[in-house]
Amino acid sequence: MTFMPLDRYAAQIITQTGRLTDQIKGADLALPVPTCPGWSLGDLLRHVGGAHRWAEEIVRTRATGPVSDDQVNDVSGDDRADAAALTDWLREGAALLAAALRDAGPDVQVWTVAPNGTPLFWARRMMHESALHRADAAVAVGGTYTLDREVAVDGLHEWRGFTELPQAYPSPEAVRALLAPGRTVRMEVSEADAAPGASWLVDLTGEAPVARDAEDPEQAGESAAVTVRGSAAALLLLMYQRQDVLDETVEFTGDRELFARWREAVTHWLRKS
């Protein structure tokens, strides 16, 4: 399930990329990016642009198997080069990706890193790739960062799907170590007008992690082992380990160590990518 149609995701890829390039206008590409240790601002931009072009190739060619992601991972480049040329390249890649997504439509089969892939997966994933790395750029240049609630809620819902994917975790053993009676994690969006399904529960009491609506009437009155409450944007940045980007607090009730252990395990895919 996704919250937005494909065309909306495609438009947001362009919007988020434009905000990113506006944020770093006039900045030194050699600036370090504290939230991406070892990367310069130039490295960050090359990574985002490479991700856009990787996804564009997959969608445009209707790839049915893995496509080399060297252009995502090889961020090397000359940070003394013309910054304007790099930002133009970044905007161009976003536009090419949006066009490829719209041309393909939401339903054709393409390879994705998760099961049952369609262009809709890449549209959503690249919107959030652009939006979250915009936060990294803001930190690097000492700027401010905001994230529209619609985008943040959708990002949390994407995370909800990640929690059930075996490949999100380091190993089957790491998953089994999380599972035990009474272990549940509730992610609660504080905005009263957030979309249905924005708040959810991660159930770690069975044979595998399961995510479900926190408002499930069959679970009425159920209390979680730990509840994490905040704005959609603050919760999303917390999951991406960028909680200090926003000047907002997130409230914890219950077993905070359980949340930390679960987040450490489920964010394994971030550290290996």
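All heavy atoms count here, side chains included; hydrogens, waters and symmetry mates do not. All of these numbers come straight from a predicted model, not from anything done at the bench.
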In this structure, CE of M187 is separated from OG1 of T163 (nearest 0.5 Å) by 10.0 Å
Is the closest side-chain heavy-atom distance between T64 and W111 below 4.5 Å?
no
On a heavy-atom basis, the closest approach of A131 and V151 is CB-CG1, 4.4 Å
Note to self: Could you tell me if S171 and H268 have a donor-acceptor pair between their side chains, going purely by distance under 3.5 Å?
What the structure shows: no
Let me see the working for E191 and R149 under side chain to side chain contact (heavy atoms under 4.5 Å, CB included), right down to the final yes or no. CA-CA 9 Å; E191 291 103 335; R149 187 180 308 167; 3.4 Å; yes
query = Are side-chain heavy atoms of I24 and T87 found at a separation under 4.5 Å?
reply = yes
Rounded to the nearest 0.5 angstrom, the CD-CG distance for Q243 and L236 is 11.5 Å
With a 4.5 Å cut-off on side-chain heavy-atom distances among I, L, V, M, F, W and Y, is there a chain of contacts connecting W39 to W89? yes
Quiz item: Are the side chain of Y9 and the backbone of R125 linked by a donor-acceptor contact shorter than 3.5 Å?
Solution: no
- Message: Under a 4.0 Å threshold between the charged nitrogen and the carboxylate oxygen, would D213 count as salt-bridged to R160?
- Response: yes
Closest heavy-atom pair, T205 versus G182, reported as atoms and distance to 0.1 Å, is CG2-N, 3.5 Å
CH2 of W200 to NE2 of H157, rounded to nearest 0.5 Å, is 9.0 Å
Stepwise side chain to side chain contact (heavy atoms under 4.5 Å, CB included) check, F162 with T267 | CA-CA 9 Å; F162 291 160; T267 53; over 6 Å; no
Contacts of Q109 meeting side-chain hydrogen bond (donor to acceptor under 3.5 Å, both in side chains) (sequence neighbours excluded), chain-then-number -> none
* Taking the inter-plane angle between the rings of H47 and H133 on a 0 to 90° scale, is it parallel (under 30°), tilted (30 to 60°) or perpendicular (over 60°)? -> perpendicular
query: Got a donor-acceptor contact below 3.5 angstrom from the T112 side chain to the F121 backbone?
result: no
Quick check: does any side chain N or O of R183 sit under 3.5 Å from a backbone N or O of L178, one acting as donor and the other as acceptor?
yes
Donor-acceptor pairs under 3.5 Å, side chain of residues 93-106 to any protein atom, not counting sequence neighbours: which ones?
from : atom 1 : to : atom 2 : distance (Å)
R102 : NE     : D7 : OD1    : 2.6

> In terms of heavy-atom contacts, does CZ of R62 have more than 12 from other residues, nucleotides or ligands at under 6.0 Å?
Replying inline: yes
(Q) Using modelled atom types and a 3.5 Å cut-off, is there a donor and acceptor pairing between side-chain atoms of R186 and backbone atoms of T227? (A) no
What I'd like to find out is whether the side chain of D43 reaches to under 4.5 Å of the side chain of V33, using heavy atoms alone. no
Q | Beyond-backbone contact of D74 with R46, side-chain heavy atoms, under 4.5 angstrom | A | no
Using 30° and 60° as the class limits, which term best fits the ring planes of W122 and W54: parallel, tilted or perpendicular?
perpendicular
Rounded to the nearest 0.5 angstrom, the CD-CE distance for Q241 and M239 is 8.5 Å
Here the pair of heavy atoms bringing P32 nearest to A140 is O-CB, 3.6 Å
Correct closest heavy-atom pair for A138 and Q23 would be CB-OE1, 3.7 Å
One should read off an interatomic distance between M126 CE and I13 CD1, to the nearest 0.5 angstrom, of 7.5 Å
Those residues at least two apart in sequence (or on a different chain) that pass salt bridge (Lys or Arg N to Asp or Glu O under 4.0 Å) with E92 are R53
Side-chain contact test, heavy atoms from C-beta onward, threshold under 4.5 Å: evaluate it for P209 versus L179 and give yes or no. yes
Test item: T17 side-chain N/O and I14 main-chain N/O as donor-acceptor pair under 3.5 Å:
no
Quick one, V189 and L235 - any side-chain contact, counting heavy atoms below 4.5 Å?
yes
Rounded to the nearest 0.5 Å, the CG atom of L20 sits from the CG atom of L132 at a distance of 11.5 Å
Nearest heavy-atom approach of Q167 to P115 is NE2-CD, 3.9 Å
Where the side chain of S190 meets the backbone of G230, is there a donor-acceptor pair that is under 3.5 Å apart?
-> yes
Exercise for the section: Under the side chain to side chain contact (heavy atoms under 4.5 Å, CB included) rule, what do S130 and H52 come out as? Steps first, then yes or no, please. Expected result: CA-CA 9 Å; S130 308; H52 289 166; 2.8 Å; yes
Should D22 and K25 count as an ion pair when the cut-off is N to O under 4.0 Å? yes
Check whether any side-chain heavy atom of L29 sits under 4.5 Å from a side-chain heavy atom of R80, and report yes or no.
-> no
Residues passing the side-chain hydrogen bond (donor to acceptor under 3.5 Å, both in side chains) test with Q16, sequence neighbours excluded, are Q12, R134
Taken in chain and number order and not counting sequence neighbours, the residues that satisfy salt bridge (Lys or Arg N to Asp or Glu O under 4.0 Å) with E207 are none
- Message: Would you say that V139 contacts Y145 through its side chain, given a criterion of any heavy-atom pair below 4.5 Å between the two side chains?
- Response: no
_Ignoring hydrogens and geometry beyond distance, is a side-chain donor-acceptor pair present between S40 and D79 at under 3.5 Å?_
yes
Here the pair of heavy atoms bringing T184 nearest to S223 is OG1-O, 4.1 Å
Exercise. Can you check whether E150's main-chain N or O pairs, donor with acceptor, with D148's side chain at less than 3.5 Å?
Worked result: no
| field | Verify same cluster id: V175, V226 (apolar side-chain graph, 4.5 Å) | value | yes
* To do: Show the numbers, then the answer: is there a side-chain hydrogen bond (donor to acceptor under 3.5 Å, both in side chains) between D136 and T35?
  => CA-CA 6 Å; D136 298 321; T35 46; 2.5 Å; yes
#### Entry: Polar side-chain atom of R261 near backbone of F259 as donor-acceptor pair, under 3.5 Å
no
For residues 244-255, tabulate all N or O donor-acceptor pairs below 3.5 Å that involve a side-chain atom, not counting sequence neighbours.
from : atom 1 : to   : atom 2 : distance (Å)
E248 : OE1    : S231 : OG     : 2.6
D255 : OD1    : E257 : N      : 3.2
D255 : OD1    : L258 : N      : 3.1

Show, in sequence, the C-alpha distance, side-chain angles and deciding distance for L31 and D28, and conclude whether the side chain to side chain contact (heavy atoms under 4.5 Å, CB included) test is met. CA-CA 6 Å; L31 284 172; D28 182 353; 4.1 Å; yes
